[in-house]
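What's counted below: heavy atoms across the whole structure, side chains too, no hydrogens, waters or symmetry copies.
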Amino acid sequence: MSSGLNIFVLVKQVPDQGSKAGINPDGTIDRAKAKRMLNPFDRFALQAALHAKKNYGGKVSAISMGPPPAVEILLECLEHGVDDAYLLSDRRLAASDTLATAFALFKTVAHVGKPDLVFCGLQTTDGDTAQVGPQLAERMGLPQITYCEDFSIEGNKVHGRRIIEGGYQKVVSEMPLLITVANSYHPLEYKSFRGAWRVQRLARNEEELKKYIHTVDLDLVGADPERTGLKGSPTIVAATEKVGEIGGNCRMHEGQSIDHLVKDVVKETNLAQFMTV
Amino acid sequence: MTDNQETQPDVSQFCPKGDVLVIGEQILGDLQPVTLELLGAGRILADKMGQPLKCLIMGHNLGDIPQRLIEYGADEVFVADSPELHVYRTLPYRRVVCDFLDSLSAPPHTCLLGSTTTGRDLAPRIAAHFETGLTADCTELDIGPYEHKSKVDPTKIGLYPNCLYAIRPSFGESLKARILGPWKNPQMATTRPGVMVPNKQDPNRQGKITPIPVNLKQEDFRLIVADTVREISKGVKLTEADVIVAGGFGLGGPEGFDLLRELAAQFENSAVAASRKVVDLGWIPYQHQVGQTGKTVRPKLYIAAGISGAIQHRVGMSKSGIIIAINKDPDSPIFKFAHHGIVGDCNQVISEMIKQLKAVKSGKGVEAVVGSH
């Protein structure tokens, strides 16, 4: 391919679980107050997309769906070296489940162009479903490699390695192809000073930034609003219940020197019964 | 009010009772335990509705697998047998399932898969194809009524008598969410291996085995599997270990796992596991992750070092025999459900534990290393 690969990477902004900001006393999350971050799983997808570009040539576009602050993670993607980014932002997307999300992303991807490779994180940390990637592949009619932990490209073929229970599979697929990247793939490299500097300058100039980060809505990408948001979602959260405290009779060992604490536990649980002979 | 009730639309067409279908899973002829667990859970749902439990299994030369599926609770087993289905591949398996569901006069009420690398690859494709709801990684399933009151779509307001309750822990919260999708059958869900309980095998159980056609298309072969490798020899599988030594963020860094490996080596049939946070940080590969998005385990002994015990981790290990938790924060949630809690620096505690166990093994006994104060 003389013009190089057209590579898309799908990313999502999620609440930072490590931060206590925005966590209500009842355990629910105030997403407006919570600290935001790039979905940790997407870091591997981003690295895979950048690898593909570096090793085989082409262009990387980052695509996200979310409220306006999600622009932050697209800036982060630009700093790491993606060429341009698209944010699908629309109030009518609220309460979309995975099916409705995959539909909206499918329309956005079609609006952006024809990819050779689409990279997604294995799953998000706020939904934990791992469904959107394969659902998008289904909409696009593409083959997929999920749980992909390594890949290389020869001609029009992608050679990938995917995790299975107690082992792995080696697969060979034609492009176009959708890949969900496992976190046993290479971790995301640090952004280059040059990349970060360039993006920081860019971020100060709104007009210039618009050339790199394109914000689109449902009308622009041609997605029927009836098929997104609450209306387009076949599932709803019907009820939530607090998980009751279980056990509650933990025998606590504290206050003594560590060797005595350990000795007590070793004895009381008879740890020797589990030992190798 | 009565007016309102009279004009309430009839929603009974949305989710009629129907079969419960389990999509079974085998790897190279090895029937996966999650399939038996799904038959156990599916049997309960089917009996609640007074409907049959069916199972679809795909592969090649499946031997006694279909019969075993009956012995574990299926009333009818549909078998798709073809050399092209020998190993799992997304597109051929997807084709068989979609064609099969299309061939039925009415879709199943519920369709269940395991949340394995296979089920999580296949289920979303099926759900997207039929534009139906799918809930991932459920920890409980049930059938029950639901009254929909939302006015977003007035045609959907009403009482739905038989809905699949797909119950899963919800993000970052000590909450369980009940997720429903009664507007379209099949209502789909995946469950994690190790969560549902299989029935006892009954060799006298009778059922029907029905072969189904396999008609693959050229486009289903865009991806080929060059090799399937199972690394059985590479250590004990997490789900089969008797003892699990697990580490979290409190370890302080990836090198903390060296210590955990050394501790695990003291135990018979043991394995090392991790919380999601440290897997996300790249301290240890994903295969070691225990919890909602990792594996569900129930070893005889679970030692949790530097793991706070968020609900996502708890659902993956709370059924372990003895849980020993080590954490320097005495208010850590893990102490609410562990059996023994040690408050202290987990690296120091683990080092000490290794030392004492080695002393026990060498016959010196713990007294030799722990002086009396």
Side-chain angles (χ1 to χ4, degrees), chain A residues 17 27-29 40 99 102 126 128-131 134-135 138-139 143-144 146-147 163-174 182-184 187 230-231 234-243 245-248 250-254 258-263 265-266 269 272 274-276, chain B residues 90-91 116-117 120-121 124-125 128-129 132-133 136 146 152-153 171-181 183-184 222-231 237 243 266-268 280 282 285-286 293 301 311 322 324 335-338 340-344 348-349 352-353 356 360 366 370:
Chain A
Q17 278 182 295
T28 56
I29 285 176
L99 192 86
D126 60 348
D128 278 341
T129 69
Q131 287 173 188
Q135 286 182 324
E138 179 67 21
R139 294 272 187 223
Q144 68 191 28
T146 56
Y147 291 88
I163 303 171
I164 59 167
E165 277 65 27
Y168 61 90
Q169 277 187 328
K170 285 182 174 172
V171 302
V172 185
S173 177
E174 289 173 17
N183 50 6
S184 42
L230 195 59
K231 261 196 152 170
T235 61
I236 50 154
V237 178
T240 53
E241 53 185 297
K242 208 154 173 124
V243 179
E245 299 300 348
I246 53 171
C250 180
R251 183 157 152 55
M252 295 301 284
H253 305 263
E254 56 188 316
I258 282 180
D259 50 355
H260 278 87
L261 298 181
V262 172
K263 183 179 143 188
V265 173
V266 168
T269 60
F274 300 110
M275 284 171 62
T276 53
Chain B
T90 314
L91 298 179
T116 56
T117 57
R120 288 176 123 208
D121 187 87
R125 303 239 16 171
H129 178 79
T132 194
Y146 166 62
V152 173
D153 183 352
F171 161 72
E173 306 164 14
S174 328
L175 299 172
K176 282 193 298 188
R178 184 190 293 168
I179 297 173
L180 267 65
W183 298 285
K184 191 160 184 182
R222 283 175 286 171
L223 181 148
I224 58 161
V225 174
D227 201 4
T228 298
V229 180
R230 303 203 76 196
E231 299 170 308
K237 272 166 76 181
V243 177
Q266 310 303 316
F267 299 113
E268 194 73 46
D280 286 352
Y286 172 70
T293 54
L301 171 66
I311 174 75
I322 302 173
I324 301 175
F335 292 132
K336 294 213 169 84
F337 59 95
H340 287 267
I342 303 177
V343 181
Q348 282 178 28
V349 172
E352 180 62 28
M353 206 175 262
Q356 295 192 18
V360 169
V366 176
V370 183

- [ ] In sequence, state the C-alpha distance, the side-chain angles, and the governing distance for B:Glu268 and A:Phe274, and then conclude on side chain to side chain contact (heavy atoms under 4.5 Å, CB included).
- [x] CA-CA 6 Å; B:Glu268 194 73 46; A:Phe274 300 110; over 6 Å; no

Open item on the list: When you measure from the side chain of B:Gln356 to the backbone of A:Asp259, do you find a donor-acceptor pair of N or O atoms at a distance under 3.5 Å?
Closed with: yes

Open item on the list: Does any backbone or side-chain atom of A:Ala238 lie under 4.5 Å from a heavy atom of chain B? Answer side chain, backbone, both or neither.
Closed with: both

Task: Heavy-atom proximity to chain B below 4.5 Å, by part of A:Ile163 - done: both

Task: Pair A:Gln169, B:Asp227: side-chain N/O donor-acceptor within cut-off below 3.5 Å - done: no

- [ ] Scan side-chain atoms only and decide if B:Arg125 and A:Gln144 contain a donor-acceptor pair under the 3.5 Å cut-off.
- [x] yes

Check whether [X] gets within reach of chain A through its side chain, its backbone, both or neither, counting any heavy atom under 4.5 Å.
{"X": "B:Leu180", "value": "both"}
{"X": "B:Tyr286", "value": "both"}
{"X": "B:Ile179", "value": "both"}
{"X": "B:Val243", "value": "side chain"}
{"X": "B:Ile322", "value": "side chain"}

Task: Among the listed options B:Gly282, B:Gly344, B:Ala226, B:Pro285, the residue most often paired with chain A at heavy-atom distances under 4.5 Å - done: B:Ala226

Could you check whether any side-chain heavy atom of [X] comes within less than 4.5 Å of a side-chain heavy atom of [Y], counting everything from C-beta outward?
{"X": "B:Val152", "Y": "A:Lys231", "value": "yes"}
{"X": "B:Thr228", "Y": "A:Ile164", "value": "yes"}
{"X": "B:Trp183", "Y": "A:Ile236", "value": "yes"}
{"X": "A:Tyr168", "Y": "B:Thr117", "value": "no"}
{"X": "A:Met252", "Y": "B:Val343", "value": "yes"}
{"X": "B:Lys184", "Y": "A:Pro234", "value": "no"}

Task: Shortest non-hydrogen separation from A:Asp128 to B:Arg120 and the atoms involved - done: O-NH2, 3.3 Å

- [ ] Please report the shortest heavy-atom distance between B:Glu352 and A:Ile258, naming the atom on each side.
- [x] CB-CG2, 3.9 Å

- [ ] Among A:Ala130, A:Pro40, A:Pro143, A:Ala272, single out the residue with the greatest number of heavy-atom pairs under 4.5 Å to chain B.
- [x] A:Pro143

Task: Options A:Val265, A:Val262, A:Thr269, ranked by heavy-atom pairs under 4.5 Å with chain B, top entry - done: A:Val262

- [ ] For B:Arg178, check salt bridge (Lys or Arg N to Asp or Glu O under 4.0 Å) against everything at least two apart and list the hits.
- [x] none

